[in-house]
Amino acid sequence: MQSPSKQMRLSVFQRFYIVAVVAFVLGPFLPLVIQSFAFRWAWPDLLPSTWWLERRTYSPVPLAWDYVLSPYSQVGVATINTLFIGFAATLLCLLICLPAARALARDRFRGKRAFEFLLSMPLIVPEAVIGMALLMIYIRLGLAGSYTGVIIAHLIPTIPYMVRMLTSVYLGLAPDYEEQAAILGAGRVRILLRVTLPMLMPGVVAGALFTFLVSSNVFLLTFFLGQGRIVTLPTLLFSKISGGSLDASAAGIALVASLPGIVLFALSERLVREELFVGGLGR
Amino acid sequence: MTKSRAVAALLAASIGLAGATPVSRAADPAASFRQDFLAGAIAWDKVEARAKGEKELNFYYWGGDDTLNVWIDSVVRPAMAERGVKLNPVRIAATKDAVDLVVTELAAGKAEGEGSVDVIWLNGENFFTLSQQDALWGSFAERLPNSKNFVWDPASPLSSPNLRDFGTETKGREVPWSGEQYVCAVNGQYVQAADAPSTFADLKAYLEDNPGKFTYVKPPHYVGNTFVQEAIYAHNPDGNGAEPFQKSVDELGAEELARLIAPGLDYLKSIEPLLATADGGKPRYPEDTAALDSMFLNAEVYFNCKFGIYAVNSGLITGRYPEAAQEFIFPEKLMIKNKNYLAIPLNSPNPASALVFADYMSSVDAQASKLKTVGYPVGIDPMQLSANDRELVKIAAPSHYGVTSEDLDANAVADTNASLVDIIEATWLEYIERGSDKPIADIVADAVGKSAPE
Amino acid sequence: MRGDRSRLIVILELAPVALVLGGLFGGAVVLAILQSLGFAPWFGINTFPDFSYFARLWSGEAFWISLGFTLYYAVASTVLALVLALILSLALLKSFTGRRFVKFVYKLPLVIPYAVGIALAILMLGNGGMLSRLAAFAGLIDDPSGFPSILKTHYGWGVIAVYVWKQLPFMTLAIAAVLVGIGRRTQEAASLLGAGPLTIFFRVTLPQIAPGVVTAVLICFAFNIGAFEAPFILGGGYPDTLPVIAWRYFNDADYALQLQGMAAVVSIGLLSGCILLAYLWSYRRFERRIGRD
């Protein structure tokens, strides 16, 4: 029989395993960083034979980070697009999901199960199906290649998460406070702003962060429906590496593309309890 | 109304929208501008004035070359701004995407003036597709002021790449932008340029001694298609190289085409086990030139064949090529040379801007600057230029490594008729990639049947 | 108050989400099905209902090989990620120095786009990649071709590596949070009662984390079956996975082939639908057997 205290410590295997996982996750970023500073880095060199900085001054064209950070690489536009589309989709998603989550948490109505089923469908139906079929609808509606179109499309993969997270917060929130506020004579808007929203805040923040993360990761829908006119970090990187090779500027773009997620994630670690994220995943 | 019925209604509404009748017919001003310009009834200054009033010019081009991207943004964009045109360069992964977009939009009822593509950089089967679909704006090239920089007289042999694009008559519906030639490079660290193979038979002999050190870009990428075409020229059973492949598929017929291409394809099949990472089995064909470049840099292969008269120079400047990279002549007398073009689609929303853009791109300044910065050979014909301008172009040319431009010219050969390109490509895919055991004649017959217009 | 709220308000509250999901998502799904059955008047094609697109697709031997590859990549990576996630989440329950750091790091791939994961795979696993260079450094190989091909083969190591890299944190998160939630007490109790670690895992822990696992597996599997980037860039080429096939049909100028592409896309939907239903059904049976619900 094991003593509980012994169980609390990592076994040798587990210790090894955790190191392996960290290496698996972080390890590849080391060559990625090196590649982004390389001018010529051929097999079998473990470090570049020529670094970008050695060539920088007399190269007729911007190389590596000079290219990535110049307007020519479109990294700036892509970053702004990714952030803008992410924010807009998050806001929109929040606006339409709040009332739905409220209804799902508070009301019993006919077809609720069917509605919940519909809600989970976008997680299950492959993105390829939606993207390719939506394109035809979009061309008809004149939404293809427009920001509006892409933002709306980003709602499809994000709604399921957002509704789930908000519903689970609503479920944990007793309606009494709102009722009391109403008895005390507060107006609907006041109740919403002063009572409901503050209490919902943790869920709203979690849902918003998660939605933003999902949106900033979406590739296929943006690629199809943006028609190449709307460049985001994932589509920019995809075009660079679609042939299966990676040069210095592609490595730089990959690093930039990782940034929004990492920054937001670091923020969320401070702002949001893990359980709230999981609220969106469970059930 | 219950929930489910509401959803059903919404579904119906969205499909109703999707299936609605095409949008209104061509906006009249767009159509009349086109007709008047093509009829020569609009003076160039009127075109320039009109361009200033138009919206952003959408230039769709293959965006896989960083250096070209830099040049477009830093040279062309300001030049267009000077002319009152706001350039919106749209980088695409494959030129076909832009062609598909035009055709899709036309099919969806977006007629003249209502599309979203103003200019496309293309050639070969992409132009052929637009031409077949009647999706081109019209014969504008000879009405541009800078058309004087091109040889249009059919009597001169120099006119041929201006008048015919992979055998399709251009009829001035596209204007030449760059000339290119299929040139191979060798990694001098492992193989001396003098020892590099110069014929397909040499290549095979080399690979038998050094298996795995060669591969080519996978068709349907045009760089791969071109390699296949050269192999087919070299193994033409009649021994007359490119000549029969100038004819269209209708003139040749499926049976004759199959007879002509079979030896070349058999050759390609025979070297398959000797190509990169094949190890006697299926080789790796890189998907694009960037992937081939990285295999070349890492010495996974010692050779790199692609369109690019100055590819070695560019590769050395950007660090994509190994330091010892050199050009060499392969295959002798069969190095495909052609031009690529700028075309305006029928439903271009900003046709006047598109014309101003095409005219600027045909100028000596733009061409010399492109040659110098990007290393893309000029599309204009230097013999049409003044002595001064000709010198300007000459100075702008990047260096060669191992061969001279005379060597390259002496080994140049014409490309393949566009109507054959897709069929040869389909045959390669079926016979080589899918390893079909059907006879080539049947595969070609199938492909011809599929490509025939209904 | 709960009963008072009129139906109208409920409908209004649900309407925006229903509009987006029903209108765009539902519309797209219905349109995909219609097109795959020959309804495309905008291309001048309308032979609805026409099963020939499916017939042509399904009659080719290559389609079934593709289907096999699609399934193989999806199943292998989901199972691998699940097993690795289980081990990781059990380890994360314990306290150790650097636990905060590890808990932060393992979640990183969750927030990084797939394309970055693919870029990392290219850099690490290619014949000219880091592992190959390390092998050369160690004197194991003297030419890049000596390194075993990992990318661009039908074994799909590269595709699976990217999926696992990206989905390991997702699954771990779903499992670990439940594990923390249920606490160690039940396990400790079981252990005090003399159960071995394996018994504890299968009898006590697994049933408790099952719902989270089921959802995570569902989402990852559905994604893997429909994902396009990784098999397109890292896959072995012909015969490709179904989403890549659909993509190629879609990129063909021949519009009849777009309908063929729709048939391929709908086949993916059917495939993932069938498998997920079967999976859910067996999970329900499992739940009923252990006496829940």
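Keep in mind it's a predicted model, so treat the numbers as computed, not measured. Below, chain A is the first sequence line, B the second, and so on; all start at residue 1.
- Checked by atom type, the side-chain pair Asn69(B)/Tyr61(B) shows a donor-acceptor distance below 3.5 Å.
- At a 4.5 Å heavy-atom cutoff, the contact between Ser74(B) and chain A is made by backbone and side-chain atoms alike.
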- Cys97(A) and Ile159(A): CA distance, side-chain angles, deciding distance, side-chain contact (heavy atoms from CB on, under 4.5 Å) verdict: CA-CA 7 Å; Cys97(A) 289; Ile159(A) 282 178; 4.1 Å; yes

- Tell me, with the steps shown, if Phe115(A) and Lys112(A) meet side-chain contact (heavy atoms from CB on, under 4.5 Å). CA-CA 5 Å; Phe115(A) 190 79; Lys112(A) 187 170 177 176; 5.6 Å; no

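- Residues Thr95(B) and Trp121(B) have side chains that never bring a donor and an acceptor to within less than 3.5 angstrom of each other.
- If you measure heavy-atom distances from Ser249(A) to chain B, the contacts under 4.5 Å come from the side chain alone.
- Formation of a donor-acceptor pair under 3.5 Å by the Gln326(B) side chain with backbone atoms of Tyr401(B) is not found in this model.
- Looking at Lys240(A), only its side chain comes within 4.5 Å of chain B, counting heavy atoms on both sides.
- Proximity to chain A (any heavy atom under 4.5 Å) is shown, for Ala290(B), by both the backbone and the side chain.
- The existence of a salt bridge linking Arg320(B) and Asp66(B) is confirmed by a sub-4.0 Å separation between a basic side-chain nitrogen and an acidic carboxylate oxygen.
- For Trp52(A), no part sits under 4.5 Å from any heavy atom of chain B, backbone or side chain.
- Most heavy-atom pairs under 4.5 Å with chain A: of the set Ser294(B), Ala98(B), Ser116(B), this distinction falls to Ser116(B).
- Salt bridge Arg91(B)/Asp73(B): present, at least one basic N to carboxylate O contact under 4.0 Å.
- Looking only at atom types and distance, the side chain of Glu300(B) has no donor-acceptor partner in the side chain of Thr277(B) under 3.5 Å away.
- Between chain A and the residues His221(B), Lys218(B), Glu323(B), the largest count of heavy-atom pairs under 4.5 Å involves Glu323(B).
- The closest donor-acceptor contact from the side chain of Asp65(B) to the backbone of Thr67(B) lies under 3.5 Å.
- Using modelled atom types, one finds no donor on one side chain facing an acceptor on the other under 3.5 Å when comparing Ser49(A) with Trp41(A).
- Both the backbone and the side chain of Val70(B) come within contact range of chain A, with heavy atoms under 4.5 Å apart.
- Between the Asn298(B) side chain and the Trp43(A) main chain, a donor and an acceptor come within less than 3.5 Å of each other.
- Ring geometry, Phe296(B) versus Tyr321(B): the interplanar angle exceeds 60°, so the pair is classed perpendicular (tilted spans 30 to 60°).
- The contact list for residues 302-317 of chain B toward chain A, using heavy atoms and a distance under 4.5 Å, reads Leu316(B), Ile317(B) by residue number.
- Between Met295(B) and Arg284(B) there is a side-chain heavy-atom pair separated by less than 4.5 Å.
- By a heavy-atom distance cut of under 4.5 Å, Tyr67(A), Pro71(A), Tyr72(A), Ser73(A), Gln74(A) are the residues of residues 67-90 of chain A near chain B, going up by number.
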